[in-house]
Colleague: 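Below are the structure tokens for one structure; questions will follow.
Source: prediction; values computed, not measured.
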Amino acid sequence: MAERVAGQLIRSLLVCCVLVSAASVVHGHWLTAIRSSSSSSRGTSSRGGSSRGGSWRRLAVQQQQTTEYGCPKFAIFEDPWVKANVALTYGLKIRDGLGSQTARMLGVYAIAHASGLQYHHSPFECIGHIGGAPHYRDARCDNLPESDLHKMRRIAKHIRLPSSSAVNASAWEQQYLFRADWDKLASVAAAALQAKQPTLVGLELTDEFISPCPDIFYHVPAWRPQKYLASQWATYNSSRPEQSWLLARARSFRIVVHMRRGDLSTASAAREMPASYYINVVKGLAQVLQQLQVDFTVEWFTEPSTNEKEHEDMQRVRQEIPNLTLVFDSDLLWTWQQMWSADAFIMSKSGYSFVPAVVNTKGIVIHAPALGIRKCKIACSPSHWFEPADESGALPEELVAAVRQKVGGSYVQQ
């Protein structure tokens, strides 16, 4: 059952993004190979007499315009040779958690779509924070228990984005960029064109690409938000296939919460939001829905309490949240399925929240306030997400209006 659910999740979550003319390619491991500066110089100088290559190098650092969703657009990306011979892939060097790695992979995929370059899929090699022993950026996966290795292989098998390259780009010249931006990518494309060297660019951190254009994910058609008028909502809701397993009544409005705890004792404390924040956001949504006579449920995903403070927080959640189901330590992929299919999804400051938020195109996404942490380090907010002003969890007026518009009183308690 778990394998079937995971398969359904990934087909809906990721493989639905096959919106390019993709041919079958060999999904081999992307081996890190940084071209030395001396060999780069030799490759460039051998083509130094090419006026066309020099022209493109000058154009590479000149942004010509912006894309329809506000991302920088360079003339070099429009060159036919560059489109056919420069591809992007996820770098696979930072071996942290599933959410962070998948969020960066989605970022690379969106960068490829926004720039018009090809995408080559590189499957996960090592995932931290899996099973009972968290491990981080410099750790290897060699000594994990067999049960954790099984989880990791299963995840790597299911999470795949479609390559758009018509050839095996893993055989091209490979360049790894740990931290880059649009200007750097344009320069790399110009250098590849000048040397006539097909190049696979491994991108690791995507923050500097997303910061200038947080709507970059809209370049992938399957990730663009879909809005339903109140008159359409009842019909959609009664027929949607991803209804929660929790519900006996198919017309309930699903509020899903991700309250990150677990590894926060070893991660940045700035990522932890107080339980009162999540409680107040849910209570604010519940008040609006009750005024509209809308039936609703609350699914609360978190980790078991590890200290007295967390125990007290969970007691408060149980006492104050109506129609509540608490879910602890559930399957990683199945949990994503519940989040991306929510009518309202309340995120934490976590890459694990970010992934289902990007692909939840029909629900209301509530991003955690970016207090005490650089926003794009966790996730930049696309324009259709909502964000409370502070940790009090008070709902902004535009969020309340969005909830009212979304349901329009079309849910009536049975």
Colleague: With no hydrogens and no angle check, do the side chains of His121 and Ser163 hold a donor and an acceptor under 3.5 Å apart?
Modeller: no
Colleague: Please round to the nearest 0.5 Å and tell me the distance separating atom CG of Leu117 and atom NE2 of His120.
Modeller: 14.5 Å
Colleague: Is Asp343 reaching over with its side chain to a backbone N or O of Arg254, donor-acceptor style, under 3.5 angstrom?
Modeller: yes
Colleague: What about the rings of Phe345 and Trp385, do their centers lie closer together than 6.0 Å?
Modeller: no
Colleague: Looking only at non-hydrogen atoms, find the nearest pair between Gly70 and Cys213 and report the distance.
Modeller: O-CB, 3.5 Å
Colleague: Could you go through the ring pair (Phe, Tyr, Trp, His ring centres under 6.0 Å) check for Phe328 and Trp300 one step at a time?
Modeller: CA-CA 8 Å; Phe328 298 100; Trp300 197 291; over 10 Å; no
Colleague: Could you tell me whether Lys83 and Asp79 have a side-chain N and a carboxylate O separated by less than 4.0 Å?
Modeller: no
Colleague: Return the minimal non-hydrogen interatomic distance between Ala114 and Ile216, and the atom names on each side.
Modeller: CB-CG1, 4.0 Å
Colleague: To the nearest 0.5 Å, how far apart are CD in Gln337 and CG in Asp331?
Modeller: 10.0 Å
Colleague: Where is the tightest heavy-atom contact between Asp181 and Glu208, given as atom of each residue plus distance?
Modeller: CB-CB, 3.9 Å
Colleague: To the nearest 0.5 Å, what is the distance between CE (Met339) and CG (Asn360)?
Modeller: 11.0 Å
Colleague: Take Lys73 and Glu78 through the test side chain to side chain contact (heavy atoms under 4.5 Å, CB included) and record every step on the way to the result.
Modeller: CA-CA 9 Å; Lys73 188 174 183 179; Glu78 300 301 317; 3.3 Å; yes
Colleague: Could you check, using the six-membered ring where one of them is a Trp, whether Phe209 and Trp182 have ring centers closer than 6.0 angstrom?
Modeller: yes
Colleague: Do His219 and Thr67 come close enough that some side-chain heavy atom pair is under 4.5 Å?
Modeller: yes
Colleague: May I ask you to decide if the ring planes of Tyr176 and Phe178 are parallel, tilted or perpendicular, using 30° and 60° as cut-offs?
Modeller: tilted
Colleague: Indicate, with yes or no, if the rings of His258 and Tyr352 have centres closer together than 6.0 Å.
Modeller: yes
Colleague: Please check: side-chain N/O of Ser353 versus main-chain N/O of Gly351, any donor-acceptor pairing under 3.5 Å?
Modeller: no
Colleague: As an exercise, state the distance from CG of Leu193 to CD1 of Ile76, rounded to the nearest 0.5 Å.
Modeller: 5.0 Å
Colleague: Locate the shortest heavy-atom distance separating His367 from Tyr277; write the atom from each residue and the value.
Modeller: O-OH, 3.7 Å
Colleague: Heavy-atom distance under 4.5 Å between the side chains of Glu204 and Ile94, does that happen here?
Modeller: yes
Colleague: Testing the 3.5 Å rule here: is there a donor-acceptor pair between the side chains of Asp295 and Ser252?
Modeller: yes
Colleague: Please determine whether a side-chain nitrogen of the Lys or Arg among Arg318 and Asp313 lies less than 4.0 Å from a carboxylate oxygen of the Asp or Glu.
Modeller: no
Colleague: Under 4.0 Å between a side-chain nitrogen and a carboxylate oxygen: does that hold for Arg104 and Asp96?
Modeller: yes
Colleague: Taking C-beta and beyond as the side chain, do Phe253 and Lys406 meet within less than 4.5 Å on heavy atoms?
Modeller: yes
Colleague: What are the two closest non-hydrogen atoms of Ser348 and Tyr278, and how far apart are they?
Modeller: CB-OH, 3.2 Å
Colleague: Is Val282 close to Val257 at the side-chain level, that is, under 4.5 Å between some pair of heavy atoms?
Modeller: yes
Colleague: If every non-hydrogen atom of Phe386 is compared with every non-hydrogen atom of Ala402, which pair is closest and at what distance?
Modeller: CZ-CB, 3.4 Å
Colleague: Below 4.0 angstrom, N of the basic side chain to O of the carboxylate: do Glu320 and Lys283 qualify?
Modeller: yes
Colleague: Using a 4.5 Å cut-off on heavy atoms from C-beta on, say whether the side chain of Ile364 contacts that of Val403.
Modeller: yes
Colleague: Do Met314 and Leu326 touch side chain to side chain, with heavy atoms closer than 4.5 Å?
Modeller: yes
Colleague: Quick check against the 3.5 Å criterion: does Thr199 have a side-chain atom that pairs as donor or acceptor with the backbone of Val86?
Modeller: no
Colleague: Measuring from atom NE2 of His384 to atom OG1 of Thr361, what distance do you get when rounded to the nearest 0.5 angstrom?
Modeller: 7.5 Å
Colleague: Should the pair Glu146-Lys151 be classified as a salt bridge under the 4.0 Å nitrogen-to-oxygen rule?
Modeller: no
Colleague: So, the side chain of Arg224 versus the backbone of Tyr218: is there a donor-acceptor pair under 3.5 Å, distance only?
Modeller: yes
Colleague: Does the Thr302 side chain pair with the main chain of Met259, one donor and one acceptor, at a distance under 3.5 Å?
Modeller: yes
Colleague: Given the side-chain rings of Tyr90 and Tyr119, with only the six-membered ring counted for Trp, is the space between their centroids under 6.0 Å?
Modeller: no
Colleague: Val298 pairs by side-chain contact (heavy atoms from CB on, under 4.5 Å) with which of Val256, Ile255, Leu285, Thr325?
Modeller: Ile255
Colleague: Could you tell me whether the side chain of Leu88 reaches within less than 4.5 Å of the side chain of Ile111, counting heavy atoms only?
Modeller: yes
Colleague: Say whether Arg95 and Gln101, considering side chains only, have a donor N or O and an acceptor N or O under 3.5 Å apart.
Modeller: no
Colleague: Flag the pair Leu98 / Trp336 as yes when at least one side-chain heavy-atom distance between them is below 4.5 Å, and no otherwise.
Modeller: yes
Colleague: In this structure, which one of Glu308, Gln315, Arg316, Glu310 forms a side-chain contact (heavy atoms from CB on, under 4.5 Å) with Glu312?
Modeller: Glu308
Colleague: Measure the CZ-OG distance between Arg160 and Ser122 for me, rounded to the nearest 0.5 Å.
Modeller: 9.5 Å
